[in-house]
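Below is one structure, written out as structure tokens; comments come after it.
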Amino acid sequence: MAVTSKAKMYAQGLQFYYGDFKALHDIDLTFEQNQVTALIGPSGCGKSTFLRCLNRMNDLIPISRVEGVIALDGDNIYDPKVDVVELRRRVGMVFQKPNPFPKTVFENVAYGLRVNGVKDREYLEEKVEQSLRHAALWDEVKDRLQDSALGLSGGQQQRLCIARALAVEPEVLLMDEPASALDPIATQKIEELIHILKQQYTIIIVTHSMQQAARVSDVTAFFYMGRLIETGATEIMFTRPRNKQTEDYITGRFG
Ligand code: ADP
Ligand code: MG
């Protein structure tokens, strides 16, 4: 597999098991810095499982088992010496359903910094504002920082979760269907945000919407039944896929 010097992360020979069930078969996939990669494929094909391998969220599932390598800046994240908390700081995650804590807007964003021992009030305020600006939410919440995050709209809550992820200065951002619970306008805001964020981060997004994959991603990877069938530049994947299964899926013949 060609691993270019710009590869921020890569999976090599990745196998994943839930007990006896093999959910991922021999995945090789490279993620370039400052690119958005979309993971697509029918429900149950292993997109979320694969995404969770990238910051070891699957460690929390006791029956699960991983073989192969996932590297971040060339180092295997499954090496026993790896500090998983630090890994998850570097590889942040945003989930399908917005999941703010039942705390104020401010405390949601400050959370990760506090967990990392930051106490300086001025620094916290600075980081919270910066993160909310990066998440394109500042103007909407700057007068509501002490209100409960649960009072925000769904789209605002999702951008708050993005701000919370950004506050700890990640390098890679994993997003699992981040807009699937949102209305079209909130979805558009998230997509615009992804365009801006990729200047600074490496982004890997799971989406069931092919239109969304086509709009937001540079590279698309098509999964089917736990296997990576085809990957390539998004415009080529959606116009001239090499593989028949990819073509059938993107033209809506199954899925
Ligand atoms: P996708 O995100 O593409 O819809 P998933 O990664 O969620 O697919 O699931 C891939 C396969 O792994 C499915 O067959 C699913 O039933 C199975 N699976 C997912 N999570 C678990 C789990 N916690 N325990 C056992 N099997 C699981
Ligand atoms: Mg999923």
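Note that ligands are numbered from 1 as they come in the structure, with each ligand's atoms numbered from 1 the same way. One-based numbering along the sequence shown.
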Six-ring centre of Phe16, Arg52 cation under 6.0 angstrom, axis tolerance 45°: no

Total protein N/O/S atoms whose distance from the Mg ion (ligand 2) is less than 2.8 Å: 1

If you measure from [atom1] on [X] to [atom2] on [Y], what distance do you get to the nearest 0.5 Å?
| X | Y | atom1 | atom2 | value |
| --- | --- | --- | --- | --- |
| Cys161 | Leu166 | SG | CG | 11.0 Å |
| Leu113 | Glu107 | CG | CD | 10.0 Å |
| Gln157 | Asn99 | CD | CG | 9.0 Å |
| Leu193 | Met175 | CG | CE | 6.5 Å |
| Asp28 | Tyr10 | CG | OH | 10.5 Å |

Heavy-atom protein neighbour under 4.0 angstrom from atom 12 (O) of ligand 1: yes

Flag: protein heavy atom within less than 4.0 Å of atom 21 (C) of ligand 1: yes

Ignoring hydrogens, just give me the one of [options] whose non-hydrogen atom is nearest [atom].
| atom | options | result |
| --- | --- | --- |
| atom 14 (O) of ligand 1 | Tyr224, Phe50, Phe21 | Phe21 |
| atom 24 (N) of ligand 1 | Tyr17, Phe223, Tyr18 | Tyr18 |
| atom 1 (P) of ligand 1 | Pro62, Gly44, Ala23 | Gly44 |
| atom 9 (O) of ligand 1 | Asn58, Thr49, Asp176 | Thr49 |

Any N/O pair Cys45/ligand 1 closer than 3.5 Å: yes

is_close_aromatic(Phe222, Tyr249), centroid dist under 6.0 Å: yes

Shortest protein heavy-atom distance from atom 8 (O) of ligand 1, along with the residue and atom involved: Gly46 N, 3.2 Å

Heavy atom of the protein closest to atom 7 (O) of ligand 1 (residue, atom name, distance): Ser48 CB, 3.9 Å

Residue-ligand contact Gly41/ligand 1, heavy atom below 4.0 Å: no

Results of salt bridge (charged side-chain N to carboxylate O under 4.0 Å, His left out) for Glu192 - residues two or more places apart only: none

Shared hydrophobic cluster for Phe95 and Leu197 (ILVMFWY, side-chain gaps under 4.5 Å): no

Shared hydrophobic cluster for Leu51 and Leu228 (ILVMFWY, side-chain gaps under 4.5 Å): yes

Any donor-acceptor pair under 3.5 Å from Thr234 side chain to Ser217 backbone: yes

